[in-house]
Participant: 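After the structure tokens below, expect a handful of questions from me.
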Amino acid sequence: MKGKDRRLAELKAAIPEVTPAEAMALQARGAALVDVREADEIAQGSPVGAHRLGRGFLELRVEDSVPDHDQPVVTMCNSGVRSLFAAEELQKLGYRQLYSMAGGFSRWKNEGLPFETPQRLDPHARERYARHLMMPEVGEAGQMKLINSKVLLIGAGGLGSPAAFYLAAAGIGTLGIVDHDVVDRSNLQRQILHADARIGMSKVASARQALEALNPSIKVQGFETRLHSGNVEEIFSGFDVVVDGSDNFPTRYLVNDACVKLGKPNVHGSVYRFEGQATVFWPRYPKRRGPCYRCLYPEPPPPEMAPSCADAGVLGVLPGVIGLLEAIETIKLLLDIGDPLVGRLLTYDALKTRFAELALLRDPACPYCGDAAQEIAYVDYEQFCARTAA
Ligand SMILES: [Zn+2]
């Protein structure tokens, strides 16, 4: 008897085998189905909902996908042999309920069980996003998610510029930009998307040039308009996350109200002189309930109390820091990794070089996101600040 056959006989005695139909039933009851085949095999199809971990890095990656050693695990390959070896390795890692799928994916397919053909990155994308692909928190599946994501930036200004650059570089497939302004020389101290040669050009067109030069594989969708109650829902409806880079109260309230109504996360940032802050307003975040902007500030201040955007002044680098925090939060939300700034306000004092964090509590009686919230009617507050982008 060859060593291979002897080992197989030992494994068959030690690891219970299940049919593909039984594997699917186990999966429906909470078991993890772990596909250990090579990437080129998985590209031909893999059971719906399977963890596609491959064999090479299986031991290194499996605990990120299946953290609980008590969760039943069914390993599968193409014929049911490699999966037996893989199951034994998982046993050594501490998994207690292991099964191997007899007959593998070929039998799964022959029995007409549901499978899907996972989207793959092309060679250019593999090269471009190589540093993302190395991290299990992103990986190929995560990068595909980013590529299929749509993020809307409110303003191509001080906050929107750095956020847009890095989101484009990260491969967010569709970047929407709302801005009705043109590039002005006084913007260039902080709005790094734009350039001296493009003074007078619409900010949306200027942003498109900069972003497509950085990453031609993404799509920039421009909205050269002021956001108002009549267009906000139509513009927002196609996007997964809204990044608020506006610097005026009417827009902030409108962004909040539309995000609450449509259930979308509102990644919020603001800057003033040497101080900035960032948070995520998303009352419908599945893992914990956070506030909306109106839980904290139910109504905008009267126009005479708000600092004029043109007069307030800001250190040009500061929106860079805050805009990048917004970009990172956006990517975390899209990938569902880490702990987002939902219900947390991060403040940054540039002069003291000090970050601080405040808990933001939701108001259960908030008329917009609270327990007894009514249908949201949008308000066009008086535009008391001339510019819409910081
Ligand atoms: Zn609220």
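Counting starts at 1 for both ligands and their atoms, following the listed order.
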Participant: Using only atom types and a distance under 3.5 Å, with no angle test, would you say the side chain of Arg288 pairs donor to acceptor with the backbone of Val342?
Facilitator: yes
Participant: Around the Zn ion (ligand 1), how many protein N, O or S atoms are closer than 2.8 Å?
Facilitator: 4
Participant: According to ring-ring contact (aromatic ring centres under 6.0 Å, His included), does anything in residues 207-235 pair up with another residue at least two apart or in another chain? List the pairs.
Facilitator: none
Participant: Show me the side-chain donor-acceptor pairs of residues 361-368 shorter than 3.5 Å, one per line, residues at least two apart or across chains.
Facilitator:
| from | atom 1 | to | atom 2 | distance (Å) |
| --- | --- | --- | --- | --- |
| Arg362 | NH2 | Asp371 | OD1 | 3.1 |
| Asp363 | OD1 | Ala365 | N | 2.9 |

Participant: Identify whether NZ of Lys or CZ of Arg in Lys109 sits under 6.0 Å from the centre of the six-membered ring of Phe115 and within 45° of that ring's axis.
Facilitator: yes
Participant: Can you list the steps and then say if Thr174 with Val151 is a side chain to side chain contact (heavy atoms under 4.5 Å, CB included)?
Facilitator: CA-CA 6 Å; Thr174 304; Val151 173; over 6 Å; no
Participant: Could you list all the ring-ring contact (aromatic ring centres under 6.0 Å, His included) pairs where at least one residue sits in residues 320-362, not counting sequence neighbours?
Facilitator: Tyr348-Phe355
